[in-house]
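Note sheet for the following structure.
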Amino acid sequence: MTTPAAIPTRVLAVVAPVIVAGAGAFGFALFRYADAPRSASDLAALLGLLASMALAERFPVPVEGMGAGGVTLGFVFSVSSIILLGWPAGVIVATGGPTFTHLLQRRPLLRVAYNGSMFALSALAAGLAVEHVHGSSAGILVARVVLCGFIYYWVVNLVLISAVLSADSGRSFFTIARENITQTTAPFAFMASAALTLIVLWQREPALSIALVGPLLAIALYQRSTFKAIRAMRLALTDPLTGLGNHRSFHERLQRELVVAEEEGTSLALCLVDFDDLKSVNDRFGHPVGDLVLGQVASRLRQGGESFRLGGDEFAVLLPRQDERQATAVARSIVERVAALDVEGVGPVTVSAGVATYPTQGSGRDELIRLADSALYWAKKDGKNRVRAYAAESIFRANLEQLTDTPDRAARYRAAESLAKAVDERDAYTGSHSQRVGDYSARIARRLGADEPGVGLTRLAGNLHDLGKLAIPEDVLRKPNTLSEAERLMLERHPQIGFRMLESLGVDPVAEWVLHHHERWDGAGYPNRLAGDQIPLGARIIFVADAYDAMTSERAYRQAVPQRDALAELERCAGTQFDPAVVKALSEELLPAEPLRVSAG
């Protein structure tokens, strides 16, 4: 609000009559104050309270949830002036202090006039009301202070502030008033108590009241410094574009909520939300418009639960104590609210969402994120602008497709990890066997001199080496005693099954390595009885990594073998079961200072 010409008519309809009435109230107060005889001490008291009011207005106290202005301790001096010196002096102090300070700060004149008039009307109404409350007892004094403060702020001031904000923003007057009441009730109750203390001290000895002014201003300054420190801490955890929690804040909060859910035995749902086609918005309209759209999407997320921006166009919503059905309903409402947006000049925008729930699905932070991410990918593959909850069977194919559909290496590895996890959940191993095999395979490949793309493919193949076991009955996979001949033949088919799954997607050479990862160096393996260098190197690496992890991992029916014993067993079988060079590379990787001596057979 810089000039009247720049102000909408609906705002001027509120501002103009308030300024006229406020100017009349201030002029009337000046006349009444000057009309009565005043002593030098009366003038000194007026000037002292006026100066305190101006100083308090110079250093507003920040309040959580309010804008930059916060609240000021001027309320203390306004109420005190009305009670101690009468309503004319109260109007002069309430109006003159803020007006003087705001003019020095070069605030817009229309705003200065409105604020000053608002204070004048507040003080006038409060002063005229308490004039009719007579008596000198402590109870009467408390009643006068309470009545004065209530009318000054909660009746007149609050109404006029909410009215102009409503006219300016177009928001509901009652909504704004309710927000102001919620944010300021506690601070103004404290200041009413401080005003009562100041009045009591003044009545005993005016000089004593000076002792209260210093602590009040010190509290204001301390609160300002504390608020700045807290704000700086929050900025470190807040996304500056949307005001949502950032990536760091999300991971910290998710971990805390998981701890609470585990302690209380409750559920926790994670909803990952991704903007559909943000790149096309940025390309067509520019990044400023894209940022505007992101901000509006973020506002819709806040209505669903505690929300975070993880980066780019990806968001997260935490839903404590909600099961899959409830969380899916919340996610669906978010998607629908965003779809209802019609950004001017851009048109409709959409998001997709994926939901995973603790403890029925993910059992830890990283796993819950991974499963929700898989569900999100499925939602996008299924047509976008929709919600999908994690379901292993439905997402299995989506993860397979993600291996080939995305050039993003990290996304491919996340998809592979999801598939590996699905395999490991059915097998007799404890922990993440497939992921460990992938890690060992990558380390061996690097030790053998593979370049980084080759290392990455080897890790991927290691993660997926048992993919075919998804087609093997779980009772066969977990059988603690010796398999029957039919069961053994069924289990030995898993390399071919995994190969067919991957071959159809064109994941080369990973599919071929998975097919041959049970071939033996001496030609006695399966499925094709290849020998020596006929076996692809990637398959030979996975075979050694798989055998090592099988020995060193606890299983449902067997304890883990110590590392040195496992390496010794690999050395014993080098040249028959395993490629000696691969066994040596693993030994050097795990025991670099003391490698085992591996013979050629």
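Note: Ser267 OG to Asp323 CG = 5.5 Å, rounded to the nearest 0.5 Å. Taking CD1 of Ile176 as the reference point, atom OG of Ser166 lies at 4.5 Å (rounded to 0.5 Å). With rounding to the nearest 0.5 angstrom, the CE atom of Met118 is 4.5 Å from the CG atom of Asn157. Atom OG of residue Ser122 and atom CG of residue Leu160 lie 6.0 Å apart, to the nearest 0.5 angstrom. Once rounded to the nearest 0.5 Å, the distance linking CG of Leu198 with CD1 of Ile83 reads 11.5 Å. Put simply, CG on Leu12 and CD1 on Ile19 are 8.5 Å apart, with the number rounded to the nearest 0.5 Å.
Each of Arg253, Arg248, His251 was compared with Phe308 under the side-chain contact (heavy atoms from CB on, under 4.5 Å) criterion, and only Arg253 meets it.
Within 6.0 Å of CZ on Phe285 lie more than 12 heavy atoms contributed by other residues, nucleotides or ligands. Within a 6.0 Å sphere centred on CD of Glu264, heavy atoms belonging to other residues, nucleotides or ligands number more than 12. Heavy atoms of other residues, nucleotides or ligands lying less than 6.0 angstrom from CZ of Arg10 number more than 12.
Judged by distance alone, the side chains of Asp276 and Ser352 do bring a donor and an acceptor atom under 3.5 Å apart. No donor-acceptor contact under 3.5 angstrom links the side chains of Asn246 and Ser249, judged on distance only. The closest side-chain donor-acceptor pair between Thr350 and Asn385, if any, does not fall under 3.5 angstrom.
Two residues are said to be in side-chain contact when any heavy atoms from C-beta on lie closer than 4.5 Å; His102 and Arg111 fail this criterion. Residues Glu179 and Thr175 have side chains in contact (heavy-atom distance under 4.5 Å, counting atoms from C-beta outward). The shortest distance between side-chain heavy atoms of Val317 and Leu319 falls below 4.5 Å. Phe75 places a side-chain heavy atom less than 4.5 Å from the side chain of Val79. Residues Val351 and Phe315 are not in side-chain contact: their nearest non-hydrogen atoms beyond the backbone lie 4.5 Å or more apart.
The two residues Val260 and Arg321 make their nearest non-hydrogen contact at CG1-NH2, 4.1 Å. Taking each heavy atom of Ser117 and Gly22 in turn, the nearest pair found is CB-CA, 3.6 Å. Shown here for Lys380 and Phe275, the closest heavy-atom pair between the two residues is NZ-O, 3.4 Å. Contact between His247 and Leu310 at its shortest, heavy atoms only, is CD2-O, 3.5 Å. The two residues Ala298 and Leu244 have their closest heavy-atom pair at CB-CD1, 3.6 Å. Nearest heavy atoms, Pro359 versus Thr266: CD-O, 4.2 Å.
Residues satisfying the side chain to side chain donor-acceptor pair (under 3.5 Å) test with Asp439, not counting sequence neighbours, are Arg459. Not counting sequence neighbours, the partners of Leu292 by the side-chain contact (heavy atoms from CB on, under 4.5 Å) test are Gln296. With sequence neighbours excluded, the residues that form a side chain to side chain donor-acceptor pair (under 3.5 Å) with Ser78 are Tyr152.
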For Ser162 and Asn180, what are the C-alpha separation, side-chain angles and deciding distance, and is it a side-chain contact (heavy atoms from CB on, under 4.5 Å)? CA-CA 8 Å; Ser162 302; Asn180 284 333; 3.3 Å; yes
Test Asp239 against Thr242 for side chain to side chain donor-acceptor pair (under 3.5 Å), laying out the working first. CA-CA 6 Å; Asp239 173 59; Thr242 62; 2.6 Å; yes
Given the rule in the side-chain contact (heavy atoms from CB on, under 4.5 Å) test, do Leu268 and Leu254 qualify, once you have shown the distances and angles that lead to the verdict? CA-CA 9 Å; Leu268 170 67; Leu254 175 57; 3.8 Å; yes
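Ring planes of Tyr153 and Phe188: parallel class, angle under 30° (limits at 30 and 60°).
A salt bridge links Asp277 with Lys384: at least one charged nitrogen is closer than 4.0 Å to a carboxylate oxygen. A salt bridge is defined here as a Lys NZ or Arg NE, NH1 or NH2 lying under 4.0 Å from an Asp or Glu carboxylate O, and Glu314 with Arg309 fails to meet this definition.
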